[in-house]
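What follows is a single structure, written as structure tokens, with notes after it.
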Amino acid sequence: MEVLRPTLINIGGRIYRKNTIQEAAYQNEEEEDDFYRESVQCIDEPCDGFMIEETEKGFQCSINLPSQLFKYIIGKKGETKKNLESDTRTSISIPRQGMEGDIVITGQNRNGVISARTRIELLAETFRKKQPFTHFLSFALNYPEIQERFLQFKEEVLSKCSKDHGIESSIFQNPAKLHLTIGTLVLLNENEVTQACQLLQSCKEEFLDKIAAGKPMEVEVCGVEYMNDDPAMVDVLYAKVQMKDGSERLQLIADRLMQRFVSSGLMLKDWDRVKLHATVMNTLFRRDPLAEERSTISPGRPGQRRESFDARNVLKLFDKFYFGEINLETVHLSQRFSVDSSGYYTAAGQVQIS
């Protein structure tokens, strides 16, 4: 990490600096405990983004986190919790293993309580970034006409390009799962799923319908493009998605949704703008047909080893391939590794755009 360009983490719309420090490793610890070798520090600063309650003995603050995160706040042999308490001169109460509940911070100094809470939130955020996503916001593109054209695309590619390195049937998307991803989320309990559903509904009320302006969201799925710089070594090939009327309404909706969920802390920010695309070929599917799409490798997240394919002929022959036109009506909070009766991802929540 560059000293003058530290990693920044967005929590609740506030930007914090993340400083990585080295801690002595304990012997005979399991590999999964490697997380604790990385600690997070931040500048003590007053914050009005959460409630600090004044008590007879000083100040108190509560944090609601999923119980899966507690062990990362406690640390090896309780060392992370002890260090937090020592550094901030606070007392931190964490529910017992297997129990849900708030983490309660108490201390005689208000800024100490604020600092302890900020550090705990940064630890939780760091853990989330290491986890595979559980849900994602999406537009379903698996309309019958799109699926039919996609299967035609697959058949023609296999017929004309099967001799090109890495191209085989297994790397094509399941037509029932064709979609446009807005952003991915790590939701660790039902409470967080409920929060995400409520936030999605508030987005509809705040801006979705206003941007749609009562007009149909007619989009065109046409043309293919690749993610990386070398067309001879491609991992993801996608179909381009754009508004039929040439407007920026879909891009604006996707970007506003991403920004709103990132600012809430429920979504991790990968890029400044959402890339409007539908994955049609992905080398992750080669080894695992049930692999879920993560079209780009996010900063700070290691990618899986994969065998790329030569897409030069595909791009030459199918550059303008027409997949069809559809009317987007629903934003889904899609659940990973779960499908409904149509074969599309199970919706944990959804809103209609009108």
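The NZ atom of Lys154 lies 12.0 Å from the CD atom of Gln147; values are rounded to the nearest 0.5 Å. Expressed to the nearest 0.5 Å, how far CG of Leu137 lies from OG1 of Thr181 amounts to 9.5 Å. Once rounded to the nearest 0.5 Å, the distance linking CD of Gln259 with CE of Met267 reads 11.0 Å. A distance of 11.5 Å separates CD1 in Ile114 from OG1 in Thr88, rounded to the nearest 0.5 Å. Here Cys161 contributes atom SG and Phe318 contributes atom CZ; the two are 5.0 Å apart, rounded to the nearest 0.5 Å. Put simply, CD on Gln108 and OG1 on Thr55 are 9.5 Å apart, with the number rounded to the nearest 0.5 Å.
Between Ala196 and Leu333, the closest heavy-atom pair is CB-CD2, 3.7 Å. Contact record, Leu188 with Phe127: CD1-CE2, 3.9 Å, taken as the closest heavy-atom pair. The two residues Glu192 and Pro66 have their closest heavy-atom pair at OE2-CG, 3.1 Å. For the residue pair Val104 and Ser62, the shortest heavy atom distance occurs at CG2-OG, 3.9 Å. Scanning all heavy atoms of the two residues, the minimum distance from Leu84 to Thr90 falls at O-OG1, 4.2 Å. Shortest non-hydrogen contact noted between Val186 and Pro132 is CG2-O, 3.9 Å.
At a threshold of 4.5 Å between side-chain heavy atoms, the hydrophobic network of Ile, Leu, Val, Met, Phe, Trp and Tyr places Ile171 and Leu317 in one connected group. In the hydrophobic cluster analysis, where Ile, Leu, Val, Met, Phe, Trp and Tyr join through side-chain heavy atoms closer than 4.5 angstrom, Val314 is grouped together with Leu151. By the criterion of side-chain heavy atoms lying less than 4.5 angstrom apart, applied directly or through intervening Ile, Leu, Val, Met, Phe, Trp or Tyr residues, Leu158 is grouped together with Val280 in one hydrophobic cluster.
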Candidate pair Ser264 and Gln195, rule side-chain contact (heavy atoms from CB on, under 4.5 Å), full reasoning: CA-CA 10 Å; Ser264 75; Gln195 289 180 40; over 6 Å; no
side-chain contact (heavy atoms from CB on, under 4.5 Å) between Val219 and Ile326, intermediate numbers included: CA-CA 6 Å; Val219 301; Ile326 54 175; 3.6 Å; yes
Check against side-chain contact (heavy atoms from CB on, under 4.5 Å), Lys240 and Leu276: CA-CA 7 Å; Lys240 292 179 281 189; Leu276 302 179; over 6 Å; no
Working for side-chain contact (heavy atoms from CB on, under 4.5 Å), residues Asp87 and Arg119: CA-CA 11 Å; Asp87 292 345; Arg119 295 185 186 197; 3.3 Å; yes
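Proximity of Phe323 to Leu178: side-chain heavy atoms (C-beta onward) are nowhere separated by under 4.5 Å. In this structure, the side chains of Leu237 and Leu315 come closer than 4.5 Å at one or more pairs of heavy atoms. Residues Ile103 and Phe70 form a side-chain contact, since some pair of their non-hydrogen atoms from C-beta on lies under 4.5 Å apart. A 4.5 Å side-chain heavy-atom check between Asn64 and Asn191 finds at least one atom pair inside the cut-off. Arg273 places none of its side-chain heavy atoms less than 4.5 Å from the side chain of Met258. Using a 4.5 Å heavy-atom threshold, the side chains of Arg256 and Ile211 count as touching. Looking only at side-chain heavy atoms (C-beta outward), Gln198 and Gln201 stay at 4.5 Å or farther from each other. Between Leu268 and Lys129 there is a side-chain heavy-atom pair separated by less than 4.5 Å.
Sorted by first and then second residue, the ring-ring contact (aromatic ring centres under 6.0 Å, His included) pairs with a member in residues 233-267 read Tyr238-His277; sequence neighbours excluded.
In terms of modelled atom types and a separation under 3.5 Å, the side chain of Gln251 and the main chain of Val274 share a donor-acceptor contact. In this structure, the side chain of Arg286 does not engage the main chain of Ser170 through any donor-acceptor pair within 3.5 Å. Judged by distance alone, the side chain of Ser86 and the main-chain N or O of Lys82 form no donor-acceptor pair under 3.5 Å. Side chain of Arg110 to backbone of Phe59: no donor-acceptor contact under 3.5 angstrom is found. Not a single donor-acceptor pair under 3.5 Å links the side chain of Asp164 to the backbone N or O of Ile167. With hydrogens and angles disregarded, no donor-acceptor distance shorter than 3.5 Å links the side chain of Ser115 to the backbone of Asn111. Judged by distance alone, with hydrogens and angles left aside, the side-chain atoms of Asn228 form a donor-acceptor pair with the main-chain N or O of Met233 at under 3.5 Å. Remark: the backbone N or O of Ser308 is not paired with any side-chain donor or acceptor of Thr283 at under 3.5 angstrom. A distance-only check finds no donor-acceptor pair linking the side chain of Asp340 to the backbone of Thr346 [under 3.5 Å]. Within the 3.5 Å criterion, the main-chain N or O of Met217 finds a donor-acceptor partner in the side chain of Asn327.
In this structure, Arg249 places its CZ atom where more than 12 heavy-atom neighbours from other residues, nucleotides or ligands lie under 6.0 Å away. For Glu145, the CD atom is densely surrounded, since the number of other residues' heavy atoms within 6.0 Å is greater than 12. Applying the 6.0 Å contact sphere to NZ of Lys244 captures no more than 12 heavy atoms from other residues, nucleotides or ligands. The local environment of CD in Gln68 is crowded, with over 12 non-hydrogen atoms from other residues, nucleotides or ligands closer than 6.0 Å. Atom CE of Met243 sits in a crowded spot, with more than 12 heavy atoms from other residues, nucleotides or ligands closer than 6.0 Å.
A tilted orientation is assigned to the rings of Phe150 and Phe153, their planes being inclined by 30° to 60°.
The side-chain tip of Arg149 points at the ring of Phe321 from less than 6.0 angstrom away and within 45° of straight on.
Considering Gln350, His135, His179 in turn, Gln350 is the only one that fulfils the side chain to side chain contact (heavy atoms under 4.5 Å, CB included) rule with His332.
Comment: Asp245 does not engage Lys215 in a salt bridge, judged by the lack of any side-chain N to carboxylate O separation of less than 4.0 angstrom. With salt bridges taken as basic N to acidic carboxylate O contacts below 4.0 Å, one links Lys81 and Glu85.
Checking Ser354 against Gln352 by side-chain atom types alone, no donor-acceptor pair falls below 3.5 Å. For the 3.5 Å distance criterion, the side chains of Gln152 and Glu156 qualify, holding a donor opposite an acceptor.
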